[in-house]
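Let me begin by presenting the structure, written as structure tokens, before commenting on it.
Index from 1, following the sequence.
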Amino acid sequence: MDRSTSPPTPPRDGVQWASAASSAALRRYSSLPKKGKPQGRESTVLAAFLLSSPQDPLGPEVLSLATGTKCLGASRLGPRGDLVHDAHAEVVARRALLRLLYAEIGADSPPSWLVPSGSGGRWRLRDGYQLHLYVTQLPCGVMPVPPSPSEVPRLQPDIVVNGCGDGGFVQRKPGRGDTTLSMSCFDKITRWCVVGIQGALLSHILEPLYLSTVTIGQSPDGAPEGFCIESNVEKVLCARLSSLSRIFPASSKPNKPLFFEAPIPPKEFHQTPGDIPPLTCGYSICWNKSGLHEVILGTTGRKQGTSSKAACLPSTESMLCKIRLAEAFISLENPLVTKFQHEELSYRAIKDMACEYQQMLELLREAPFFGRWRAKPASLDSFKVQR
């Protein structure tokens with residue numbers, strides 16, 4: 001994970017960039033059918049991963065997007081890898097991006113934005129290209145004021161921060177009476193700054209991918225007094241990452257994206273104001289530019305329309321569940337993947353064999369602010385992966 005070469009400079013004109021990123025994401029969302037979109041007074045969250053090129057730095061292309069606000073409680077998690085456990089927009093959009101990467105790397109003609117990294121079968125982002133994230137509202141788990149390291153032990157274990165519970169700086173997503181094991185979206189964005197957004201499996205064949213910018217839509221009710229997305233959220237992230245500076249080698253310092261504030265998004269992405277109980281859409285739309293378009297029911301982790309009788313059939317599985325993504329990886333015609341094709345390995349084993357990725361992740365979990373990051377039970381990743 002050598003980062004000794006300087007990355008391309010992200011856009012510094014916040015207003016211009018935020019408008020371009022949000023407009024591109026919202027246009028793509030508007031082009032999709034109504035299936036899975038909020039109805040009536042329902043609302044949802046939209047997240048999109050975008051790509052900018054040196055030829056058109058202010059004309060980003062949407063690579064993937066998703067909506068969603070739901071995730072499964074601990075008692076509903078499946079051991080077969082056939083459920084989408086976390087259907088929050090940022091998480092699903094990232095998985096849709098992973099699906100795109102498998103399609104692009106496995107295609108006959110190489111993608112324009114990825115290039116070979118050496119001659120061993122690895123890939124990397126082409127020089128001058130940048131990845132970006134757009135979200136219609138603050139990711140769950142953002143703390144308004146970052147605590148200092150000395151304050152972390154004093155945090156109470158059950159405080160709620162921007163929709164998430166748990167102290168120690170790392171927060172769990174809420175569940176309906178059933179505690180979840182999913183860390184907040186801001187925790188996951190922090191992790192992506194350390195190990196990249198490509199995940200463990202793709203780390204076998206892809207250099208880490210990092211975000212250059214994170215653009216967040218303004219709240220229609222205005223920000224709390226003294227709060228600014230561009231400065232406060234960046235301070236929160238920097239406070240987290242600063243605790244890692246003494247742990248990581250100089251060539252592997254955490255990536256720090258720039259944060260920008262986008263215009264207020266359309267009404268269907270507004271949280272319910274005042275004392276009116278929120279009504280969030282239960283569906284999660286996922287899309288990517290390689291042709292993926294699904295609607296997942298966030299409370300079941302399966303595709304929309306799944307009946308109780310068909311709940312365990314492969315036809316109800318999302319293309320973004322763990323087993324489907326693992327099958328996409330194992331099917332790649334790549335010399336670095338061949339070793340996984342000769343024996344039936346568990347999903348956990350394949351992830352653990354991404355040694356450098358796992359070392360970085362372990363360092364993250366040992367850092368002061370991340371000591372309470374909860375690893376999910378090993379049984380959830382013990383399913384076998386077949387080509």
Side-chain angles (χ1 to χ4, degrees), residues 25 29 32 36-38 42-50 62-74 76-78 83-99 132-143 160-166 170-176 178-193 197 199 211 214-217 219 233 236-237 265 268-272 278-288 292 294-304 318-322 325 373-374 376 380:
Y29 172 81
L32 300 178
K37 292 183 177 180
E42 288 181 335
S43 65
T44 191
V45 176
L46 170 68
F49 284 90
L50 306 100
V62 180
L63 298 180
S64 67
L65 64 73
T67 62
T69 62
K70 308 295 184 183
C71 64
L72 302 182
R76 304 193 67 179
L77 302 184
L83 302 177
V84 175
H85 294 167
D86 187 340
H88 278 223
E90 298 94 324
V91 176
V92 178
R94 173 186 166 270
R95 289 201 171 197
L97 176 63
L98 299 187
R99 194 82 210 187
H132 312 270
L133 173 63
Y134 167 72
V135 192
T136 51
Q137 66 178 48
L138 279 172
C140 65
V142 174
M143 302 183 78
V160 174
V161 179
N162 193 23
C164 291
D166 212 356
V170 172
Q171 299 112 46
R172 289 172 292 117
K173 291 174 179 172
R176 286 191 172 181
D178 185 7
T179 301
T180 79
L181 300 182
S182 296
M183 295 297 103
S184 76
C185 288
F186 195 64
D187 291 327
K188 294 186 176 184
I189 290 172
T190 306
R191 182 174 69 180
W192 300 342
C193 291
I197 60 179
L211 292 171
V214 178
T215 301
I216 301 171
S219 168
V233 180
V236 172
L237 182 65
E268 62 195 286
F269 305 113
H270 294 182
Q271 291 182 324
T272 306
L279 182 60
T280 53
C281 181
Y283 294 117
S284 176
I285 299 171
C286 52
W287 174 94
N288 71 26
L292 171 72
E294 284 186 347
V295 178
I296 303 165
L297 180 57
T299 53
T300 65
R302 293 187 179 273
K303 289 194 290 189
Q304 180 187 24
S318 166
M319 296 293 283
L320 305 185
C321 67
K322 289 180 180 179
L325 288 173
W373 191 295
R374 301 184 179 187
K376 293 179 181 177
L380 296 179

Stepwise, does the side-chain contact (heavy atoms from CB on, under 4.5 Å) test hold for Y134 with I216?
-> CA-CA 6 Å; Y134 167 72; I216 301 171; over 6 Å; no
Going through the distances and angles, do L77 and L83 end up as a side-chain contact (heavy atoms from CB on, under 4.5 Å)?
-> CA-CA 7 Å; L77 302 184; L83 302 177; over 6 Å; no
Report the C-alpha separation of R99 and L325 in whole Å, then their side-chain angles, then the decisive distance to 0.1 Å, and conclude whether the side-chain contact (heavy atoms from CB on, under 4.5 Å) test is met.
-> CA-CA 7 Å; R99 194 82 210 187; L325 288 173; 3.9 Å; yes
What do the steps show when you test C185 against H88 for side-chain contact (heavy atoms from CB on, under 4.5 Å), and what is the final call?
-> CA-CA 8 Å; C185 288; H88 278 223; 3.6 Å; yes
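Residues forming a side-chain contact (heavy atoms from CB on, under 4.5 Å) with E294 (at least two apart in sequence, or on another chain): C286, L292, I296, K303, S318, M319. Under the rule for a salt bridge (Lys or Arg N to Asp or Glu O under 4.0 Å), K37 has no partner lying at least two apart in sequence or in another chain. For the side-chain contact (heavy atoms from CB on, under 4.5 Å) test, residues two or more places apart in sequence or in another chain that qualify with T69 are T44, V45, T280. For E268, the side chain to side chain donor-acceptor pair (under 3.5 Å) partners two or more places apart in sequence, or in a different chain, are Y29. In this structure T190 satisfies the side chain to side chain donor-acceptor pair (under 3.5 Å) test together with R240, sequence neighbours excluded. With sequence neighbours excluded, the residues satisfying side-chain contact (heavy atoms from CB on, under 4.5 Å) with L63 are L51, E61, L97, L100, W113, L131, K289.
The two atoms that bring A87 and G298 nearest to each other are CB-CA, 3.9 Å, heavy atoms only. Of all heavy-atom pairs between C193 and L237, the closest is SG-CD2, 4.0 Å. Closest of all the heavy-atom pairs between A93 and A47 is CB-O, 3.7 Å. When all heavy atoms of I197 and L98 are compared, the closest pair comes out as O-CD2, 3.5 Å.
A salt bridge links D86 with K188: the closest approach of a Lys/Arg side-chain nitrogen to an acidic carboxylate oxygen falls below 4.0 angstrom.
Contact annotation: the side chain of Q137 never approaches that of F269 to less than 4.5 Å [non-hydrogen atoms, C-beta and beyond]. Using a 4.5 Å cut-off on side-chain heavy atoms (C-beta onward), C71 and K173 make contact. The side-chain heavy atoms of F186 and L138, taken from C-beta on, include no pair separated by under 4.5 Å. Proximity of L50 to L133: side-chain heavy atoms (C-beta onward) are nowhere separated by under 4.5 Å. Side-chain contact check for H132 versus F49: every heavy-atom pair is 4.5 Å or farther apart. Taking the side chain as every heavy atom from C-beta outward, V135 and L46 never approach each other to under 4.5 Å.
To the nearest 0.5 Å, atoms NZ (K70) and OG (S284) are separated by 11.5 Å. Here the CE atom belonging to M183 is positioned 6.5 Å from the OG1 atom belonging to T180, to the nearest 0.5 angstrom. Note: S64 OG to W287 CH2 = 8.0 Å, rounded to the nearest 0.5 Å. Note that OG of S182 is 7.5 Å distant from CG of L72, once rounded to the nearest 0.5 Å. Of the inter-residue distances, the one linking E90 atom CD with S184 atom OG reads 9.5 Å to the nearest 0.5 angstrom. Once rounded to the nearest 0.5 Å, the distance linking OG1 of T67 with CD1 of I285 reads 4.0 Å.
Without hydrogens or angle criteria, D187 side chain to Q171 main chain gives a donor-acceptor distance under 3.5 Å. Judged purely by atom type and a 3.5 angstrom limit, H85 has no side-chain atom pairing as donor or acceptor with the backbone of L181.
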